[in-house]
Amino acid sequence: MTFDYDLFVIGGGSGGVRAARVAAQGGARVALAEEDRYGGTCVQRGCVPKKLMVFASEYPGHMEDAQAYGWTVHAGGFDWPTFRGKLHAELDRLEGVYRNILGNAGVQTYDTRATVADAHTVALSTGEHFTAKHILVATGGWPVKPDLPGAEEALTSNEIFHLEDLPRSILIIGGGYIASEFACILNGLGVQVTQYYRGAQILRGFDEEARGLIADEMMQNGVDLHLGCNIVEMEKRDGGFRVKATNGDERMFDQVMFATGRTPNTAGLGLEEAGVELGRNGEIVVDDYSQTSVPSIYAIGDVTDRVNLTPVAIREGMAFVDTVFNGNPTPVDHALIPTAIFTQPEFGTIGLSEEEARDQEPVDIYATSFKPMQQSFAGRADRVLMKLIVSKETRKVLGCHIVAPGAGEMIQLAGIAVKMGATKEDFDRTVAVHPTMSEELVTMREPTRSA
Ligand SMILES: Cc1cc2nc3c(=O)[nH]c(=O)nc-3n(C[C@H](O)[C@H](O)[C@H](O)COP(=O)(O)OP(=O)(O)OC[C@H]3O[C@@H](n4cnc5c(N)ncnc54)[C@H](O)[C@@H]3O)c2cc1C
């Protein structure tokens, strides 16, 4: 049977664009459909605009520090429309870059919604149908709001980049990394931020000591964080939202933002009808090679709800091309993924938390918390945390957790050593870089405790 294409990719985000480009560069005939903007979540409403907002929000702190260092600087006010205009110009530029990447690689693009008609056929919303030897679903995920009257008027991370004006006050609901990052960003931009999280501590699943320090610092920086607290009732009124909380509070907020979870984009895609198995949250069930229950259909990225990060979606896309087009079956390695959470303070982490590690085997914990030189000189009370979780038996570093300015940059590098299986003694053999914060990672001599 001859097909219109060797590969049809649905979704032009991080994973889809990479897979389409690499497959086409290898000589495959590739098409890609994108219903919204090229670049997907990461570029249009995720990592990139968020990080630019993180940068914008850090300037008041830098200016206070500059004054403490003897500079005469005056912050003035933050002009959101100026920033927002530049932000969207940058996102437009990046969308162009993604389009060019695809065009230059010879990928045929369709600016429209696509669904799966059968194991080898894609239907476009224009009415066109195309056959393909392989279909790759890379449709990502979407924020979900709870089923609560009034919630439809509230924001999610999607809308936050498009606000007409910055609110004076905002309630952020959720305790994951998106909720916590936006609490810090908006706090830095001068918005009064209240955060409700129904759990006992934000950033569930990460190292408890690190989570505790981040929450304490966020509160110290002005985020009004309420743990064990959820929303009971909300109503949109003139001038904002009236919100009733489980802790008995009844307050008005200019805006409410839900960061309470994301759902894979599989609704109405025709997947189940084509025989593709979906999981309980609507995610596409795949094997180690990203193959679904229909052999010609593969899925990568957030739509599979494995590890929902841009570099992981890209890895999965590359592994898919190696497996299907390069005759080199490549499973995706999801072990020991370094990652950063851009709260203020920032968090870089890889591997097991202390709690996970001690459930697995006896471990030594090396941890130090101190006031970093630069901030301490400026009179700030901020503390940083450097922590290594070390196997008692093999001495391998099972986890590394850093709460510090620049922790994202640090964990990328420490992550190489951990991924290579470095032992604590390998860390110790490495000469410190002085004076830095990260030198503490190679100078912690005695375990703080064993577990
Ligand atoms: C606020 C926020 C901050 C984030 N920050 C980070 C971070 O700092 N670091 C990090 O690594 N990750 C971060 N992420 C996660 C990261 O953005 C995702 O993991 C990544 O974008 C997933 O890529 P993907 O290719 O699976 O899907 P996406 O990038 O979501 O792309 C899917 C694309 O498919 C399109 N699409 C969907 N259905 C159809 C259809 N039927 N037909 C045609 N097109 C369709 C969509 O329009 C979209 O463009 C963040 C996410 C959010 C929401």
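Just follow the structure's listing: the first ligand is 1, and inside any ligand the first atom is 1. Predicted model, so just to flag it, every value in this text is computed and none were measured.
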What protein heavy atom is closest to [atom], reported as residue, atom name and distance in Å?
atom                    : answer
atom 16 (C) of ligand 1 : Thr310 OG1, 3.4 Å
atom 1 (C) of ligand 1  : Arg45 O, 3.7 Å
atom 18 (C) of ligand 1 : Asp302 OD2, 3.3 Å
atom 30 (O) of ligand 1 : Thr41 OG1, 2.5 Å
atom 41 (N) of ligand 1 : Ala114 O, 2.9 Å
atom 47 (O) of ligand 1 : Glu34 OE2, 2.6 Å
atom 36 (N) of ligand 1 : Glu35 OE2, 3.8 Å
atom 53 (C) of ligand 1 : Arg262 NH1, 3.2 Å

Would you check whether [X] has a nitrogen or oxygen atom less than 3.5 angstrom from a nitrogen or oxygen atom of ligand 1?
X      : value
Gly39  : no
Asn265 : no
Leu309 : yes
Ser157 : no
Glu181 : no
Phe182 : no

Expected list for residues 182-204: side-chain donor-acceptor pairs under 3.5 angstrom, two or more places apart:
| from | atom 1 | to | atom 2 | distance (Å) |
| --- | --- | --- | --- | --- |
| Asn187 | ND2 | Asn221 | O | 2.9 |
| Thr194 | OG1 | Arg251 | NH2 | 3.2 |
| Gln195 | NE2 | Gly174 | O | 2.9 |

Is there a donor-acceptor contact under 3.5 Å from the side chain of Asn247 to the main chain of Asp249?
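Yes, the answer is positive, given that a donor and an acceptor are paired below the 3.5 Å cut-off.
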Hey, is [X] one of the residues with a heavy atom under 4.0 angstrom from ligand 1?
X      : answer
Lys51  : no
Thr112 : yes
Ile178 : yes

If you count the atoms of ligand 1 from 1 in the order shown, which ones are under 4.0 Å from a heavy atom of [X]?
X      : result
Pro311 : 11 (O)
Ala138 : 32 (C), 33 (C), 34 (O)
Asp36  : 47 (O)
Ala33  : 43 (C), 44 (N)
Asn308 : 15 (C), 19 (O)
Gly15  : 25 (O)
Leu269 : 41 (N)
Arg37  : 49 (O)

Specify the closest pair of heavy atoms between Thr115 and Gly268, including all atoms of both residues, with the distance to one decimal.
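Taking every non-hydrogen atom into account, CG2-O, 3.4 Å.
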Just by distance, no angles: are the side chains of [X] and [Y] close enough, under 3.5 Å, to form a donor-acceptor pair?
X      : Y      : answer
Thr41  : Gln44  : no
Thr121 : Thr131 : no
Gln344 : Ser57  : yes

Assess whether side chain to side chain donor-acceptor pair (under 3.5 Å) is satisfied between Glu159 and Thr156, documenting all intermediate values.
CA-CA 6 Å; Glu159 293 80 36; Thr156 68; 2.8 Å; yes
Look at [atom] and find which of [options] reaches it with the closest heavy atom.
atom                    : options                       : value
atom 9 (N) of ligand 1  : Cys47, Gly408, Gly317, Ser125 : Cys47
atom 50 (C) of ligand 1 : Tyr177, Phe161, Tyr38, Tyr98  : Tyr177
atom 34 (O) of ligand 1 : Ala259, Gly11, Gly140         : Gly11

Apply side chain to side chain contact (heavy atoms under 4.5 Å, CB included) to residues Ile350 and Ile337 and explain how you reach the verdict.
CA-CA 6 Å; Ile350 182 169; Ile337 294 173; over 6 Å; no
So, Lys50 and Glu181, do they make that salt bridge, N to O below 4.0 Å?
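The answer is yes: the pair qualifies as a salt bridge.
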Is it true that Lys387 and Glu209 make a salt bridge, defined as a side-chain N closer than 4.0 Å to a carboxylate O?
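Here Lys387 pairs with Glu209 in a salt bridge, since their nearest N and O are under 4.0 Å apart.
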State the CD1-CE distance between Ile314 and Met318, to the nearest 0.5 angstrom.
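Reported value, rounded in 0.5 Å steps: 8.5 Å.
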Does ligand 1 have a heavy atom under 4.0 Å from the side chain of Lys50, from its backbone, from both, or from neither?
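Side chain only.
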Counting C-beta onward and ignoring hydrogens, is there a side-chain heavy-atom pair between Met53 and Phe161 closer than 4.5 Å?
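Counting from C-beta outward, Met53 and Phe161 do come under 4.5 Å.
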Between Val312 and Glu316, is there a side-chain heavy-atom distance shorter than 4.5 Å?
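Counting from C-beta outward, Glu316 and Val312 do come under 4.5 Å.
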Hey, do the aromatic rings of [X] and [Y] have their centres closer than 6.0 Å?
X      : Y      : result
Phe3   : Phe130 : no
His120 : His134 : no
Phe320 : Tyr298 : yes

Output, in order, the C-alpha distance, side-chain angles, deciding distance and verdict of side chain to side chain donor-acceptor pair (under 3.5 Å) for Asp322 and Asn326.
CA-CA 5 Å; Asp322 271 342; Asn326 299 344; 2.8 Å; yes
